[in-house]
Amino acid sequence: MDVHPDVERTAESIATMETRGAAAIADAAAAALATQAREGEAADPAEFRAGMRAAARRLRETRPTAVSLPNALRYVLRGMQGEDVTTLRDSVVDCAETFRYDLDRAQDRLGRIGAGRLRDGDVVMTHCHSTDALACVEAAVEQGKHVEAYVKETRPRQQGHITAKELREMGVPVTLVVDNAAHRYLDECDHVLVGADSIAADGSVINKIGTAGLAVSARDRGVPIVVAAGTIKIHPDTLTGAAVEIEHRDEAEVIDDETRAELGDVDVLNPAFDVTPPRHIDAIVTERGQFPPESIVTLMRELFGDAVEAPWQEPGDGVP
Ligand SMILES: O=P(O)(O)OC[C@H]1O[C@H](OP(=O)(O)O)[C@H](O)[C@@H]1O
């Protein structure tokens, strides 16, 4: 079934990482579902529902690791109610709007909670670019605290440059370092502050590749590791034992054509994420408060219950 061109464009933009970051992906997916509902050409309720499921599947298949994407799709499709096309359409559009509004508010709230951990004069080390992590720094700055940052470059896509720029816009002094220099500068830092793409039931944090190594180094240097992540990053499937799929991206992000030719027969791996175990994490800051990683499972049960639906599936199709 064809999906609305806007859904196709959004899916492309997520897959190519023009739209990136777990929260931004969730927001874009909800907006695309609203467009599918508003502008899709469905003759009857069954066709409307099938069109919504097809749009959700197209968005779902773009990137596998950030659970904010399927959580957004679940939220919007669960709100799809009605016996005629107009009611169905309105319910999806309303639900997508509520989701996007709540996502924004949740980030503001978690920012204020995370800011409570930062004292005047603190230095943070960041990895990749996380809007949740930056919300904590921004709130601290708004409270009048002076915060400085060591920003890891984050190979291969160098999202650290985005972080550096946004911190500078907040007036935060920034020192950009290559990833391998993190250990050297941790003694000058009071916190490691990162985001998350998914949080598993045991409190493991799945985030940009390099987070796990940074956490090991930070433990060694006695620097607390704080993960800023809205509850949209909680991965309900892990409650029943499912593993979080780690995305592997193209080798072209790591080496160019010329280097590829020089290297010859060499395998290149480009995993986008890694898993930091709960024992290396001090706190997970959400809009519902901050939690030790081990207690995330309680929040997960409260928010998602035990049954995880895949509302984009066609009836009778067993594959989520
Ligand atoms: O939701 P926010 O906090 O903005 O971002 C969360 C995480 O999403 C990013 O992944 P990518 O750059 O899309 O691969 C980073 O891993 C970042 O920590």
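Atoms within each ligand, like the ligands themselves, are counted from 1 in listed order. Computed from heavy atoms alone, side chains included, the values below leave out hydrogens, waters and symmetry copies.
- Residue Gly230 places every heavy atom at 4.0 Å or more from ligand 1.
- Counting heavy atoms only, His129 comes closest to atom 17 (C) of ligand 1 of the residues His129, Met17, His127, Lys208.
- With hydrogens and angles left out, the side-chain atoms of Glu166 and His129 include a donor and acceptor closer than 3.5 Å.
- Close approach of ligand 1 to Phe273 is summarised as follows: ligand atoms under 4.0 Å from at least one heavy atom of the residue are 10 (O), 14 (O), 16 (O).
- The residue from Ala228, Gly210, Ser130 that puts a heavy atom closest to atom 3 (O) of ligand 1 is Ser130.
- Proximity annotation for atom 15 (C) of ligand 1: of Ala24, Cys128, Ala26, Cys128 comes nearest, heavy atoms only.
- Counting heavy atoms from C-beta on, the side chains of Val92 and Leu88 never come closer than 4.5 Å.
- For the pair Arg249 and Glu247, the salt-bridge criterion is met [side-chain N within less than 4.0 Å of a carboxylate O].
- A donor and an acceptor atom, one from each side chain of Gln107 and Asp132, are located under 3.5 Å apart.
- Taking all heavy atoms of Thr154, Leu110, Asp197, Ile209 into account, the minimum distance to atom 16 (O) of ligand 1 is reached by Asp197.
- Checked for salt-bridge contact, Glu12 and Arg58 meet the test: a charged N lies under 4.0 Å from a carboxylate O.
- The main-chain N or O of Glu251 is never found under 3.5 Å from a side-chain atom of Asn270 such that the two would form a donor-acceptor pair.
- Residue Ala23 has at least one N or O atom closer than 3.5 Å to an N or O atom of ligand 1.
- Every atom of ligand 1 is numbered from 1 in the order shown, and the set under 4.0 Å from a heavy atom of Gln159 is 12 (O).
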